[in-house]
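First the proteins, then the strands, lettered A, B, ... as listed; each starts at 1.
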Amino acid sequence: MGSNLLAKGYEPHDVEKKWYRYWEEEGLFDALEENQAQPYAIVIPPPNVTGVLHMGHALNVTLQDILCRYRRSRGDNVLWMPGTDHAGIATQNVVERKLAEQKTDRHALGREKFIEAVWDWRAEYGSAIINQLKRLGASCDWQRERFTMDEGLSRAVRKVFVQLYEEGLIYRGDYIINWCHRCHTALADLEVEHEEIDGHLYHIRYPFPGSDDGLVVATTRPETMLGDTAVAVNPDDERYRGLNATHVVLPLMAREIPIIRDSYVDLEFGTGALKVTPAHDPNDFEIGRRHELPSVKVIGDDGLMTAEAGAFEGQDRFGCRRNVVEALKAQGLLIKIEDLNHSVGHCYRCKTVVEPNLSTQWFVKVKPLAAKAIDAVEAGRTKIIPPNWTQTYYDWMYNIRDWCISRQIWWGHRIPAWTCEDCGEVIVAMEEPTTCRACSGARLARETDVLDTWFSSALWPFSTMGWPDQTKLLKTFYPTSTLVTGFDILFFWVARMMMMGLQFMDDVPFRDVYVHALVRDEHGKKMSKSKGNVIDPLNVIEAYGTDAFRFTLTAFAAQGRDIKMSEKRVEGYRHFINKLWNAARFALMHLETPEDLPTNDQLTVPDRWILSRTRTVVEETAAAIDEYRFNDAAAQLYQFVWHEFCDWYVEMSKPALYGNQGENRARATRGVLWRVLHDMLILLHPLTPFVTEEIWHQLPGAEDSIMRAPFPGDNERLPTLTADPEAEAATATLMQVITGIRNIRGEMNIGPSMKLSVILQSDDNDIRGVVADHRDLVINLARLEDLEVTSTGAKPKASATAVIDKATLYVSLEGIIDFQQEAARLRKEIGKADTELGKLDKKLSNADFLEKAPESVVAKVKRQHADFSDKHKALMSHLERIEALAADG
RNA sequence: GGGCGGUUAACUCAGUGGGAGAGUGCUACCUUCACACGGUAGAAGUCACUGGUUCAAUCCCAGUACCGCCCA
């Protein structure tokens, strides 16, 4: 017996720790800057430095790790670039909360001290998410880990900003933006989450001057009326065709505002009269520009009403709403209040209701950048997988609006712009200027805003590789091979990387974009803290092991469909890991030294069958991973390991391994066992890295890490496996015989300890040959006392019968047969055959089918019909015999 | 309002223009020398509904219903 060092059940925890450390120490994750091998690169979607590992990361990282480990086994020079994102608003919020606990705030600290505090926080907690990624087995090149606020990446950010500014693609202007009063900053359109809210629609009369009559407008935000600068009606609106008045009086403010005509106004909505508030509504802002209306900002950046709000100055915006409504009511100008379910924007970071607000901000003019990004995908230079996301990408790119990139927070890349306090000149530069280039004044004030976090993320594929320097790393690995991401950041991140990559590297950032699903809870709901349905990946890893968890994620990662995750499902795949473990344990008990694969003439039919199947599985697993069909790879390996290797081959190999068939057969079988286990481990390694590495080190002849093992088929030192359809067919026959006998045993309630005698009768020489050649095998697996193979029609009296392709099995049940039971079993089998025959008859009696269907299909149906007829006939005759015997009693 | 996806066994999901699949669960039997996180066998589905194309539709097309997501 060989070494038996493996425990009975697989214990993941120590194994995971041990091998992860080993991989890192051995430098197995490291990419080479220059190498003959084909480069393969992935940049990780950088998790927020404040992040804690969630299911989305787990899936994302698992899939990337599968690709990287697989490509390494194919001999590629793999770079998996890791890092974290400084996550401006999110991180600032976390640190501010911490300050609040200490009864202080950022304003008390001042900008510099606050930023120091953030860096301190990062030093203390910033590696948490990285350590969690390591628990998942992520094989990133950690030596190259980057952070979006690193000096190198900051330089890239400044360079990009300056260059875009000089090309006229960055500008500064007064526009309506989304303002979060809590975070005290502008937000990009994408950063606003819309949510349906039960609100009210207030109908307000704006009287004509000197009249009680007037126009009635409707609004969900009555406090904004204080900043109205016009009322608009549609020029095609019949109701206002004869309107003579040119102005109305703005209630509460006693200000006359003009009535304008603009086709934007919806004829169907409300009264058809629209109040226009250019400072607090994006559409009104556009109307205001068209009609050169003034903008009156009544809600301040602090969420309080401004001096422009007159008597309402200083009130909170929501308190003001109530007060405005009361005041209107008192003046009889509030016509009615309707309930209205409408969508309201919230800050994606803190969920505060955002306010459209007029403000001076920096913008990127994205249309020219988007055009290039569209072309690149249309030309196939970047492929989006699955392809249905391509249209979404185009739609968004075609309708893109300028990107507001300035944020009024402190944590982030400060905009490299200075204003001369003497002459007002704006200077945008990589390094701080000392004097004004226009007036030579020395009083320069730096812009206080920082950049949107996604501005630096957009540069990630090249900034992490050293750009703007022309590094070897960039030369080798840009463009990267694949980007793996969830569709939730397709616009935030992927689209912007495309634009920046094309603009600054003159090439796409990645060849493939693989868009994976979102992980939801077991009922399909989004996981969220407030719903309390969050499953913590680390708890799952603790309970079931990383490999089981990874395999579960992979098995459910079908393209274009969300994953519903529950711990129950992970449990099922833990059983699979344990099954693999025990199969290996069995094999290793018999393997003391590496055994060469014997030549074909020394192999049995089952040997040739499992080797042929191994070859197929190797090819299909490679194809599945190449095409990002991760679930197919997982399903196939599961099926092969459990239901082919374990269920059949291991059982079939036992007599030989235990020496019942001589040392030559034992050695040959060990050779097959070694090879199949060897290939299987390498195939599984990308999905389940830890357990496969652990087993690998017990496999005689396997050298150092499984991470250095070439993919099966790429290894020139091992013989090539060949497809063997003959052996596959013969093995299928043996399986049918064994299953047929087991079926009778099960259906007739005969315990496994009862040894049976079986006669196989067949007119087919091949079938008789195969079964006779593997008599011992059948006896062993079907638990028989005796097996006779014959061509004559000898029918034992008291027997149960199974009809398989071109053969009949008689299971002798002398003395124990229950004729009624056997008759019932046969009738059931006949019923099944009847159903099939009915369907086939119907097809064959259809002249159109015979005429129009392809020949191969017709031939197949005819063959099936003949087979089922034979089976039916045989079953009928057995039934008659059993009924006669039953009558005899 | 616009767009996208889903509806297949009790549950979770694969899948294909030509005989409906898996895992879990369920039932029966079995602690047989890798594994009870196991073995053997079994039961279980009008492939949401209505039309159409086709020799043939669970699959393609159109519409309906319900569920979910994204965008405005």
Side-chain angles (χ1 to χ4, degrees), chain A residues 1 4 6-10 189-190 192-194 266 268 282-283 343 345 386 388-389 391-392 395-396 399 487-488 490-491 517-518 520 522-526 544-545 548 552 555-556 558-566 568-569 571-590 629 631-632 634-636 638-639 642-643 646-647 650-651 654 657-658 738-739 741-754 780-783 825 828 835-837 839-840 842-843 846-854 856-858 860-861 863-865 867-868:
Chain A
M1 284 301 111
N4 183 10
L6 300 186
K8 193 172 171 183
Y10 174 58
D189 293 336
L190 264 179
V192 176
E193 289 176 355
H194 294 269
D266 186 351
E268 308 294 321
N283 295 312
S343 124
N388 52 308
W389 289 106
Q391 195 54 47
T392 313
D395 288 348
W396 192 75
N399 296 311
F487 59 77
D488 50 336
L490 199 58
F491 305 138
L518 296 186
R520 301 177 181 282
E522 59 185 312
H523 306 293
K525 301 282 180 208
K526 213 168 177 170
Y544 304 101
T552 310
F556 281 102
Q559 287 183 6
R561 194 153 175 159
D562 288 346
I563 297 177
K564 291 181 200 159
M565 174 56 63
S566 84
K568 198 103 173 95
R569 274 149 226 163
E571 198 180 337
Y573 288 106
R574 178 183 57 170
H575 296 343
F576 172 70
I577 303 296
N578 195 57
K579 187 74 179 178
L580 170 70
W581 177 259
N582 275 289
R585 203 159 71 97
F586 169 82
L588 294 173
M589 277 167 54
H590 298 277
R629 290 180 288 112
N631 60 317
D632 284 349
Q636 180 165 256
Y638 186 101
Q639 163 72 22
W642 201 316
H643 298 303
C646 292
D647 285 355
V650 165
E651 297 305 322
K654 278 179 181 174
L657 289 174
Y658 285 114
I738 292 160
T739 306
I741 298 165
R742 285 170 173 174
N743 173 282
I744 288 172
R745 195 188 281 277
E747 294 278 282
M748 305 291 279
N749 279 325
I750 301 163
S753 54
M754 165 82 79
N780 201 279
L781 292 190
R783 305 192 139 260
R825 201 181 62 80
K828 197 177 78 180
T835 310
E836 292 306 323
L837 274 175
K839 287 182 194 166
L840 296 167
K842 200 175 151 193
K843 278 190 180 176
N846 182 343
D848 283 334
F849 172 73
L850 296 174
E851 193 184 324
K852 294 183 182 170
S856 62
V857 174
V858 176
K860 191 175 161 194
V861 172
R863 195 169 57 243
Q864 287 170 343
H865 189 269
D867 288 349
F868 273 105

Interatomic distance where CE belongs to A:M754 and C1' belongs to B:U40 [whole Å]: 16 Å
Nearest-Å distance once atom P is located in both B:G38 and B:G5: 39 Å
Phosphate contact (B:G42 OP1 or OP2) by A:N743 side-chain N/O below 4.0 Å: yes
Separation between the C1' atoms of B:A48 and B:C67, rounded to whole Å: 11 Å
Polar side-chain contact A:K579-B:C35 base: donor and acceptor under 3.5 Å: yes
Under-3.5 Å donor-acceptor pair between A:E747 side chain and B:A28 base: no
Protein-nucleotide distance (A:H590, atom NE2; B:A34, atom P), rounded to Å: 6 Å
pair A:N780-A:K654: side-chain heavy atoms closer than 4.5 Å: no
Residues that A:D867 engages under side-chain contact (heavy atoms from CB on, under 4.5 Å), provided they are two or more places apart: A:R863
Nucleotide B:U40, atom P - distance to CD1 of A:I750 in whole Å: 18 Å
Where A:C646 and A:K579 come nearest, the two heavy atoms and their spacing: CB-CE, 3.7 Å
First encountered from the 5' end of RNA chain B, between A:D632 and A:Y10: A:D632
Spacing of the P atoms in B:A34 and B:G45 (rounded, Å): 38 Å
A:F586: ring pair (Phe, Tyr, Trp, His ring centres under 6.0 Å) partners, not counting sequence neighbours: A:H590
Interatomic distance at P, B:G68 relative to B:A28, whole Å: 38 Å
Sugar-phosphate, base or nothing in reach of A:R574, heavy atoms under 4.0 Å: base
Partners meeting side-chain contact (heavy atoms from CB on, under 4.5 Å) with A:A555 (sequence neighbours left out): A:Y573, A:A634
Ring pair (Phe, Tyr, Trp, His ring centres under 6.0 Å) partners of A:Y10, counting only residues at least two apart: A:W581
Between B:C59 and B:G18 - P atom distance, rounded Å: 11 Å
Dot-bracket encoding per residue of RNA chain B, Watson-Crick/G-U cut-off under 3.5 Å, | denoting interstrand: (((((((..((((....[..)))).(((((.......))))).....(((((..]....)))))))))))).
Residues which pass side-chain contact (heavy atoms from CB on, under 4.5 Å) with A:R742, listed by chain and number, not counting sequence neighbours: A:W648, A:I738, A:L781
With sequence neighbours excluded, residues passing side-chain contact (heavy atoms from CB on, under 4.5 Å) with A:R825: A:N743, A:I744, A:E747, A:M748, A:A800, A:E822
side-chain N/O A:K8 vs B:A36 OP1/OP2, d < 4.0 Å: yes
Atom C1', compared across B:G1 and B:U58: separation rounded to whole Å: 33 Å
Touch class at under 4.0 angstrom, heavy-atom based, for A:S753 against every strand present: nothing
Over all atoms of both residues, closest heavy-atom pair of A:Q864 and A:L840: OE1-CD2, 3.5 Å
Span that lies between the P atom of B:C13 and that of B:G17, in whole angstrom: 23 Å
Between N or O atoms, less than 3.5 Å apart, protein on one side and nucleotides 2-4 of chain B on the other: list the pairs.
none

Side chain to side chain donor-acceptor pair (under 3.5 Å) partners for A:D647, two or more places apart: A:H643
Separation of B:U12 C1' from A:N631 CG (nearest whole Å): 14 Å
Letter per nucleotide, 5' to 3', of nucleotides 18-27 of chain B [B base touched, S only sugar-phosphate touched, - untouched; heavy atoms, 4.0 Å]: BBS--S----
Donor-acceptor contact present, side-chain A:N582 to main-chain A:G9, <3.5 Å: no
Spacing of A:E571 atom CD relative to B:A36 atom P, expressed in whole Å: 15 Å
Atom-to-atom span, CD of A:Q391 to C1' of B:C70 - whole angstrom: 14 Å
Touch class at under 4.0 angstrom, heavy-atom based, for A:A583 against every strand present: base
Sequence-distant partners of A:F849, ring pair (Phe, Tyr, Trp, His ring centres under 6.0 Å), two or more places apart: none
Backbone N/O of A:L580 and side chain of A:R585: donor-acceptor pair under 3.5 Å: no
Interatomic distance at P, B:G3 relative to B:A62, whole Å: 13 Å
Sugar-phosphate, base or nothing in reach of A:Q636, heavy atoms under 4.0 Å: nothing
Spacing between A:D848 atom CG and B:U53 atom P, to the nearest angstrom: 14 Å
Nearest-nucleotide 5' precedence on RNA chain B, A:N578 against A:V650: A:V650
Residues forming a side chain to side chain donor-acceptor pair (under 3.5 Å) with A:Q639, sequence neighbours excluded: none
Nearest-angstrom distance from the residue atom CG of A:N749 to C1' of B:C29: 7 Å
Side chain of A:R585 - closest among B:A41, B:A34, B:A28: B:A34
